[in-house]
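See structure below.
Letters go in sequence order (proteins before strands), and every chain restarts at 1.
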Amino acid sequence: MKCRFFLIDLNEGRSESQPTIRLWGIDDNGKRVLIQSSQIKPYFYYLPEEKETSNSLRERLMKGRADFPKITAVEVETKKLLGRARDALKITCSDSHALAAYARNIRKLLGKGEAFEEDLRLTVRYTTDADVTPSAWNECEVERIETQRVAVDLSFVAKSLPVRIDNDAVPALRILAFSILAVGERGSARPERDPVRAIGVATSQARFETFVAEGEDDSRLLADFTALVRKFDPDMIAGYESNNAGWPYLIERCKFRKIRLTVGRDGSEPHTSAYGHVSVSGRTSLDMLDVAGSMPEVKVKTIENLAKFLQIPSAGRVKTIEEFERGELWKDDTGRRALIQNTRINAQALLELTEATINYPVQLSALTGLPLDQVMTAPVGFRVDSYLIKQAHRAGELIPTKIEQPFYTYRGALVLEPKTGLHDNIVVLDFTSMYPNLMKTYNLSPDTLVKPGESVSEDSVFVIPEVNHRFYKKPDGFYRIVLSSLIEQRKAVKKEMHGLAEGSTRYIVLRERERAVKILTNACYGYAGWAGARWYAKEVAESATALGRDVINKTIAKANSLGLQVIYGDTDSIFVVDDPKKVKQLEDWAKEEFDLDIKREHEYTRVLFTEAQKRYAGLLPDDTLDIVGLEVVRGDWSDIARQVQEQVLTRILREQSAEKAVEDVRATIRRLRHNEVPMADLTIRKTLTKPIEDYAVRAPHVEVAKMLVKQGWDLTVGDKVAYVIAKGPGKLFQKAKPSSQLRAEDVDIDYYVDNQIKPVAMRILERFGVSERQLTV
DNA sequence: AAGGGCGCACTTTTGA
DNA sequence: TCAAAAGTGCGC
């Protein structure tokens, strides 16, 4: 019989005698299914030196075979290495965990040669070799079996390899969102000391549950939570910081209380796996903090800020209670109730956030082939890696093993010096997907790169300006194949979206797919220049930027010759004084000259440039401000500074009135001196980008981080440190205090006036003849 | 367990 | 006193 299923999770089976993949899904009747498949055996390739024939090599290997008892088969297979056909030994083993060591030892035995694909985990091997796709519909010939103690409706063994089928629908997933509350009396809560006080749970069947611990004993709560998960049997479990905080805390507490956190569909416990994501067998565990990573607009990633940004129903009710406030609140009943209530609302908001954002992760997972629980945790480079692995296998290419490579920098994009001051009627012209298109057009790829010194006929290669790398025009390189396909996919999706109602389910699915395709396409250039990439080729990235500079330079020259005045430009865009006819001429010329599309991206009725590159503010036709690069859009300035600068820009762009701007700034400074500005607006946040002990200088946020750690707070790389500058002598780093631990009267107002407000205001006002003295109150 | 790239502005610390 | 280095976060 056939089973059609939406693939939720896959993992390697454990107890079976042969390597087995377990596919967890939902079938087209809404039944939860488990399919066990043993069709794909672990293997790797050994590519000999070109001198040696594969068959003689095979014989030598067979002689030494006693040392490799887990080898079950050795075959000769023709594969491609950077586009060239080569005979390789395909060495199949009975145990996937033996591959890496075997590859090493076989290299020693057989002499010079190279191993490939020995570092692919069996689940990756499986999704690569079979045309089976996570977060998508697949079809498989199956036979029913009985399985004990597994939480599915139907259990099967696969009789064929599953294949992807054409169906865009995302089935109704049972989602469970949870939020845990743990409180440290002083400092961060610690699982070896502090119990889980409460867990809020919200499910997609509109059920809300809040478990509260009895006194110091959270045994019952942990057991109840486990039982609820098993009873509700979710397909997806969503949390916040659940990869790094939520699940690890629960796991530690359960260990301590000797309770088994059997939330997996096979009764297993969660564990940390690839990329640091937490895996729950048979389900998708999703950390909404990872999803928040795809929303750069939200600077401080709290559930509250995400809720507001996405305008979910609970947006008005969810409030951030900082970690440092919890200990105090927990001391009395009112505070406790507030904390527990907060935990409940967090869970509800998380459920809504998951429902509001899930389409993007689903599409990215289906596109890259990474399981849904991994795809948002995986760094961008690994998403591209995953996609390329699938495409390479399809093309018969050997997949390079991930190795540490030497790292080279190269020249990047061109940024023009802006024409300073106010300009009216400006249009921004963007080349669409410039780097991917250049990579495609000039066949930039590791397999088409001509080695230095190699002599080739001039007209068989593209010669890249400035850097003089050469790439064969034919055949199509790996990146050209991949990028053409991605660019085509995007066009197809866009075409399909056309005519669909904007709010419709299918439209949203397609919109998020288009977004996923676009982001993956644009990531390919950076990937090619990343030393960790399997298909790393500095020459490819370097050529893309060289071509980009060439394109922009020629475009500027053409614009000038057409009589278009160029105000500014960065990488793939130019800002010109709008003249629609001439702009159209430029567009046509670019299409003809480079086969690139120019899009009219923004129209500014007025735009302001200072001397700085990458920083400007424009007024859009609807009278809203578009602010780029300036402090207003930076997360490392106080709110008060950002507000002042935005106010100034508004006065300048809308009313062209420096006088009013000056008055506004003075008014703010007065408010500040009268202590009328709340502490929250004075807080400065900076991210810890490395372990505290690695810092070479005593920066304010690092010093504050040290203080907090001393007090018992956990701070790790990636955390934002919030501090306020206090009165007193010494360097700034000696005056910075945790924003939670400073009284309003101790704030160093002069610092905020002189080093926050005046600089950001003057950055703009300087151009309009305003002197700093005029701002002094 | 966890790096896509380079170009740029800007503040503060450091060290001569 | 001052230039260089360290550090952050942005643009594309």
Taking only side-chain nitrogens and oxygens of A:Tyr568, does any of them come within less than 4.0 Å of OP1 or OP2 of B:dC8? no
Check: Which part of the nucleic acid, if any, lies within reach of A:Asn755 when heavy atoms closer than 4.0 Å are counted: base, sugar-phosphate only, or nothing?
Finding: sugar-phosphate
A:Phe575 CZ to C:dC12 C1', in whole Å, measures 10 Å
Open item on the list: A:Tyr604 vs A:Asp626, test: side-chain hydrogen bond (donor to acceptor under 3.5 Å, both in side chains). Steps then yes/no.
Closed with: CA-CA 9 Å; A:Tyr604 293 121; A:Asp626 182 35; 2.6 Å; yes
| message | Check the phosphate of C:dG9 against A:Lys299, side-chain N and O only, distance under 4.0 Å to OP1 or OP2. Yes or no? | response | no
Taken to the nearest whole Å, CG/A:Leu416 to C1'/C:dG11 is 13 Å
*asked:* Please confirm whether the shortest side-chain N or O distance from A:Thr409 to OP1 or OP2 of B:dG5 is below 4.0 Å.
replied: no
**Prompt:** Heavy atoms under 4.0 Å, any strand shown: does A:Lys402 hit a base, just sugar-phosphate, or nothing?
**Reply:** nothing
Base, sugar-phosphate or nothing for A:Val702? Non-hydrogen atoms, less than 4.0 Å. nothing
Taking only the P atom of each, what is the distance from C:dT8 to B:dG3 in whole angstrom?
15 Å
What I want to check is whether the side chains of A:Ser281 and A:Asn11 have a donor and an acceptor closer together than 3.5 Å. yes
Classify the side chain of A:Trp530 versus the base of B:dG5 as yes if they form a donor-acceptor pair under 3.5 Å and no if they do not.
-> no
Please work out if A:Ala413 contacts a base, only the sugar-phosphate, or nothing of the nucleic acid, heavy-atom cut-off 4.0 Å.
sugar-phosphate
Any chance the side chains of A:Thr687 and A:Lys720 put a donor and an acceptor closer than 3.5 Å?
yes
| Are A:Ser433 and A:Lys518 linked by a side-chain donor-acceptor pair shorter than 3.5 Å? | no
task = For B:dC8, take OP1 and OP2 only and decide whether either is under 4.0 Å from a side-chain N or O of A:Tyr616.
result = no
message: Looking at C:dC10, I'd like to know if its phosphate oxygens (OP1 or OP2) sit under 4.0 Å from a side-chain N or O belonging to A:Arg642.
response: no
